[in-house]
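Report on the following structure.
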Amino acid sequence: MSRRYLRWLRVLIHVGALAPLAVLGWMAWRDQLGPVPVAAATRLLGRYALTLLLLSLVPTAVRILTGFGALVRFRRTLGLYAFLYALLHFLAFAGLDYGFDLSLLVTVISESSREIVGLGALLILGVLAVTSLRSLVRRLGRYWRPLHRLVYAAAALVVLHYVWNYKELRAWPTAAGAVLLLLLVVRLPPLVNLLERQRRQEKRGPTQ
Amino acid sequence: MSKIDRSEITPEHVYLNRRQLIKGMGALAAASLLGACAPGPADDTPAPATGTPPTATPQATDPAAGPTAGPTAVGEQLEGKLTPLEDVAGYNNFYEFTLSKTRVAELAEDFKTSPWDVEVGGLVANPRTFTLEDILAFEQEERIYRMRCVEGWSMVIPWRGFPLSKLLERVDPTPEAQFVRFETLADRDQMPGLTSAVLDWPYVEGLRMDEAMHDLTILATGLYGKDLPPQNGAPVRLVVPWKYGFKSIKSIVKIDLVAEMPVSSWMEAAPNEYGFYANVNPDVPHPRWSQATERVIGTGERRKTELFNGYQEEVADLYAGMDLEENF
């Protein structure tokens, strides 16, 4: 992929990541969020967060599967956007819905496994967002990589948070779980090694 | 948020004197309709008392308690808090059509509610089938109830209906009858949601006999002075205001009096999450979420959830000595 394409892709990612926020703002402004606007806004912010979080895991998977690594540069941007939406999702929950009533929030969160796993995911994403600052990446050195593998734990918690949001098991949370599982399987060391060995052989050409 | 506002609870004497007060409900319903259309947030203070003076209650004799609610018709004190009709008819859980609360109305639009039969049988001396006309022939009353969904939201709805006890008396339950089992229609031609496997169809609910015979328990045939919209459970549904909304089974086609506790659809789907009683209780969280508060649909506000949804004076006796955490 040429430099030009990558530049366009970067623009596309920014537009694609910010557009839902604009649409949401417009819907709120025009009172298009249905009978329970706060719930609708919270739900949409959560869905965008999860979508971006899963997308942020795609570049690594693509690199492992195809050897094409140019997309890896977008991981950070996608991850930061995922955190932005997760934070807005939390602020909508704590602020719009519960009016930042701290004692009430403590009660509600402590009684809700759904909220506890969501908060756990948010904290992980927060740590990952802060440690994605370039100066901190360098400072963390060899610890950075294992730390940022926690993104998979965060994604798993988010999927659980999503599944637990409904009385019954629903299609979209299940689909999100399936996608995450695939992205995880791709990272399993035996598969990674196998694919790498194959690619090295291909490069060398067929051995006689 | 403060403690439960006791003025929101229908006082016992009101409950006992209801019959005399119901006559004025027609006019009240009309006023309610106007109130629901009025702009601005609902008034939080109950309307001034009219009619007979309240009997002595702790809050009535306590000068610090502030103004207290006078005697009211069933739910009159909720009148100023009615949820707008567009929300009552636009935000529904009716899984036979779809899992989406905002899409039920359109999918149920052409639901055929006439002719309609409700078969009442089981442990009764006079089993019989009630046509919709038979059901509408029962003297209909207005009842303003708060409905609290297990998902954490509530609405205040002016129902039109009659006590379930009136219908049960007609069929003459035998002494062996301990529970009532209800069934919703399951018609694949009309209900696209039946292809989903989230629950076992038909939808089943149940009540203990004393719960079923309780005067607050009604069969509703209308709301806001009109016939029930399909999405609200037309043409006839149960309303049990002190229990989570899923107990108030919709579009009923079968009522059986039985000896054993029926297994409801939700109990079957997730026995650790949904019990037979499903009484509204802020102190017993759902395994995955808190029940301490509820979102009040149509207001953008949140309120503290009350024990038995605010009807504890009327129904607490039914559960005297029972562990409510165990019998959730």
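What you see is a predicted model; the values in this text were computed from it and never measured. So that the names make sense, note that chain A is the first sequence line, chain B the second, and so on, each numbered from 1.
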Which atom names give the shortest non-hydrogen contact between [X] and [Y], and what distance separates them?
X	Y	result
A:W164	B:W289	O-CZ3, 3.4 Å
B:R288	A:N165	NH1-N, 4.3 Å
A:E111	B:A292	OE1-CB, 4.0 Å

Taking the side chain as C-beta and beyond, is there a heavy-atom pair between [X] and [Y] under 4.5 Å?
X	Y	value
A:V36	B:Y91	yes
B:Y274	A:K167	yes
A:E168	B:L99	yes

Side chain, backbone, both or neither: which part of [X] has a heavy atom under 4.5 Å from chain A?
X	result
B:D283	neither
B:I297	side chain
B:Q291	backbone
B:W153	neither

Supply the atom-to-atom distance A:L105 CG to B:T293 OG1, rounded to the nearest 0.5 angstrom.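 OG1 of B:T293 is found 9.0 Å from CG of A:L105.
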If I take atom CZ from residue B:R302 and atom CG from residue A:D101, how far apart are they, to the nearest 0.5 angstrom?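 Atom-to-atom, B:R302:CZ and A:D101:CG are 10.5 Å apart.
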The test is side-chain contact (heavy atoms from CB on, under 4.5 Å); show your working for B:R295 and A:D97 and say whether it passes. CA-CA 8 Å; B:R295 181 183 279 129; A:D97 205 347; 2.5 Å; yes
Verify the neighbour count for atom CZ of A:R139: are there more than 12 heavy atoms of other residues, nucleotides or ligands below 6.0 Å?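 No, the 6.0 Å shell around CZ holds no more than 12 heavy atoms from other groups.
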Residue selection (most heavy-atom pairs with chain A, distance under 4.5 Å) from B:G298, B:S196, B:G90, B:S290: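 Option with the top pair count is B:S290.
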Measuring heavy-atom distances to chain B, does A:A39 have an atom under 4.5 Å in its side chain, in its backbone, in both, or in neither?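 For A:A39, heavy atoms of backbone and side chain both lie under 4.5 Å from chain B.
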